[in-house]
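Notes follow the structure.
In each ligand, atom 1 is the first atom listed, and ligand 1 is the first ligand listed.
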Amino acid sequence: MIAAVFPHSLPFTVRGSPRAPILAVAALALAASCSGGPADRTDLVLGTVCSVRVLDGGSEEALDAAFARLREIEASMSANAEGTVVSAINAAAGASPVAAPADVRYVAGKALWYAALSRGAFDPTIGPVVKLWNIGLPGERVPSPEEIRAALPLVAYGAVRIDDAAGTVFLPREGMLLDLGAIAKGYAADEVARVLLSKRVKAAVIDLGGNVKVVGRKPDGSKWRVGIQNPFDSRGEHIGIATLEGGSTVVTSGVYERYFTGADGRHYHHILDTRTGYPVVNGLVSVTVISSSSVDADGLSTTLFALGLEEGMALAESLEHVEAVFIDERRRVYVSSGAKGVFKLGDSSFTQAELP
Ligand code: ADP
Ligand code: MG
């Protein structure tokens, strides 16, 4: 998990530790039974540890609705599971358009927007290359150059056809695969926030595997404080804290999120260079985006990472209501001009640096 929220940090949301959340669910079901006060729930959804912590206005009903929506999103947008809308779109590539509900078309449309904005550095049709690597899944491996060469021509976001009138998505070439993994969790965080507010929740922290959104006003009236993960430390340590209004989201993409060590001893992480088919190597270890829309922050954090420091920072600076924190492998931290007001570096083993 990437971010901890202070002072109410969530000790049980340890990424990659599936046992802890199960204990937490049992313990917290009791805490949530009394309506109106605090309530928590943690579960594995969307391939990660998802937790919702309500500080004010909590109820079992609100948590049930939040997790039901998460499961719905997983059941339509996962590319790894069978029977999802995305897997049906992929199975029909080169053959026919597939009926897709409005939310799938919306998220796919957002992904195509970030693809265009980055001229393909972000590309949701990266699926055939992702599948070769299988990073974080059984069968992860370094593909052969021939396999990569064969898959790359299928990475072509410009070919995707979203037809809102017909309610369909079409991948025109056989073998194309849509992968919304870089953006679906952000959409899910926005949706959980919407569902909680509709269930009269007044203050909550949503943490979907480190994709964090804070909702409403804290009961004590103070601002929300969200930690930004130390990319060199898998124990959930943070390098600093962002102080934020309700409705804000903090989303990080980094090399530590999912990676494996190949037979050659090298680390291979999960953000892929759409030109080469290999993991992006540009000196960055993580990019955090602070914004109000989590679907945009998730799409952007991956986009900025893929673009690299100079181009990524220029894009972040050009966008309204978007702030970014870039960390490179030499522990230098670069923040966008607006982030200087909200993010405070707290770890002296990192240095804040400026772009020339
Ligand atoms: P996380 O899932 O850890 O939050 P990201 O949001 O950065 O991380 O998404 C990474 C995922 O996006 C990968 O696991 C893969 O499914 C997909 N992906 C990898 N490279 C790209 C890319 N260049 N453009 C779009 N999606 C990508
Ligand atoms: Mg992302």
Side-chain angles (χ1 to χ4, degrees), residues 1-3 15-16 45-50 73-74 77-81 86 90 107-108 110-137 140 148 151-152 154-157 160 176-190 207-213 229 231 234 249-260 268-282 284-291 293-308 311-312 322 324 326:
M1 85 143 255
I2 295 171
R15 194 184 174 94
V45 200
L46 294 164
T48 193
V49 179
C50 294
I73 293 168
E74 178 177 55
M77 298 189 197
S78 169
N80 299 322
V86 167
N90 290 343
V107 175
K110 281 278 185 189
L112 294 182
W113 166 256
Y114 288 107
L117 206 58
S118 64
R119 295 183 316 282
F122 181 96
D123 191 327
T125 64
I126 189 80
V129 186
V130 170
K131 202 173 144 195
L132 286 178
W133 287 88
N134 254 316
I135 297 176
L137 297 170
E140 59 189 7
I148 288 181
L152 279 177
L154 297 166
V155 181
Y157 72 90
V160 179
M176 280 183 88
L177 296 174
L178 187 65
D179 180 337
L180 300 176
I183 194 164
K185 264 193 290 165
Y187 174 71
D190 288 335
D207 183 342
L208 311 182
N211 193 320
V212 174
K213 184 157 190 169
Q229 161 83 34
S234 55
T249 186
V250 176
V251 180
T252 302
S253 282
V255 301
Y256 56 86
E257 276 297 309
R258 264 175 197 237
Y259 66 86
F260 74 104
Y268 294 95
H269 67 84
H270 73 150
I271 301 171
L272 301 171
D273 187 324
T274 52
R275 293 164 304 187
T276 65
Y278 286 83
V280 170
V281 180
N282 59 14
L284 291 175
V285 287
S286 73
V287 178
T288 299
V289 172
I290 302 167
S291 186
S293 153
S294 209
V295 66
D296 290 294
D298 196 7
L300 262 175
S301 64
T302 311
T303 298
L304 300 184
F305 191 103
L307 283 175
E311 253 192 280
V322 168
F326 294 72

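- Distances below 4.0 Å separate heavy atoms of D298 from the following atoms of ligand 1: 6 (O).
- Using a 4.0 angstrom heavy-atom cutoff, A121 counts as in contact with ligand 1.
- Proximity to T274 (heavy-atom distance under 4.0 Å) selects the following atoms of ligand 1: 23 (N).
- Residue contacts with ligand 1, taken as heavy atom pairs separated by less than 4.0 Å, involve A182 via backbone and side-chain atoms alike.
- Heavy-atom minimum distance, L208 versus A189: CD1-N, 3.4 Å.
- Sorted by chain and number, the protein atoms of type N, O or S within less than 2.8 Å of the Mg ion (ligand 2) are A182 O, D298 O, D298 OD1, T302 OG1.
- Residue L272 places at least one N or O, backbone or side chain, under 3.5 Å from an N or O of ligand 1.
- Contacts of F260 classified as ring-ring contact (aromatic ring centres under 6.0 Å, His included), with partners at least two apart in sequence or in another chain: Y268.
- Without hydrogens or angle criteria, T125 side chain to L177 main chain gives no donor-acceptor distance under 3.5 Å.
- Some N or O of D123 is nearer than 3.5 Å to an N or O of ligand 1, by distance alone.
- Between T252 and ligand 1, no N or O atom pair is found at a separation short of 3.5 Å.
- Residue contact check: S253 has heavy atoms under 4.0 Å from atoms 5 (P), 6 (O), 7 (O) of ligand 1.
- Of the polar atoms of I183, none of the N or O atoms is found under 3.5 Å from an N or O of ligand 1, judged by distance alone.
- For the pair I183 and V107, the minimum side-chain heavy-atom distance is below 4.5 Å.
- Counting heavy atoms only, D179 comes closest to atom 16 (O) of ligand 1 of the residues V130, D179, L304.
- Neither the backbone nor the side chain of A79 has a heavy atom within less than 4.0 Å of ligand 1.
- Side-chain atoms of S286 and T252 include no donor-acceptor pair closer than 3.5 Å.
- Remark: side-chain polar atoms of S291 are not paired, donor with acceptor, to backbone N or O of A297 under 3.5 angstrom.
- Exactly one of I290, N211, D298 qualifies for a side-chain contact (heavy atoms from CB on, under 4.5 Å) with T249. That residue is N211.
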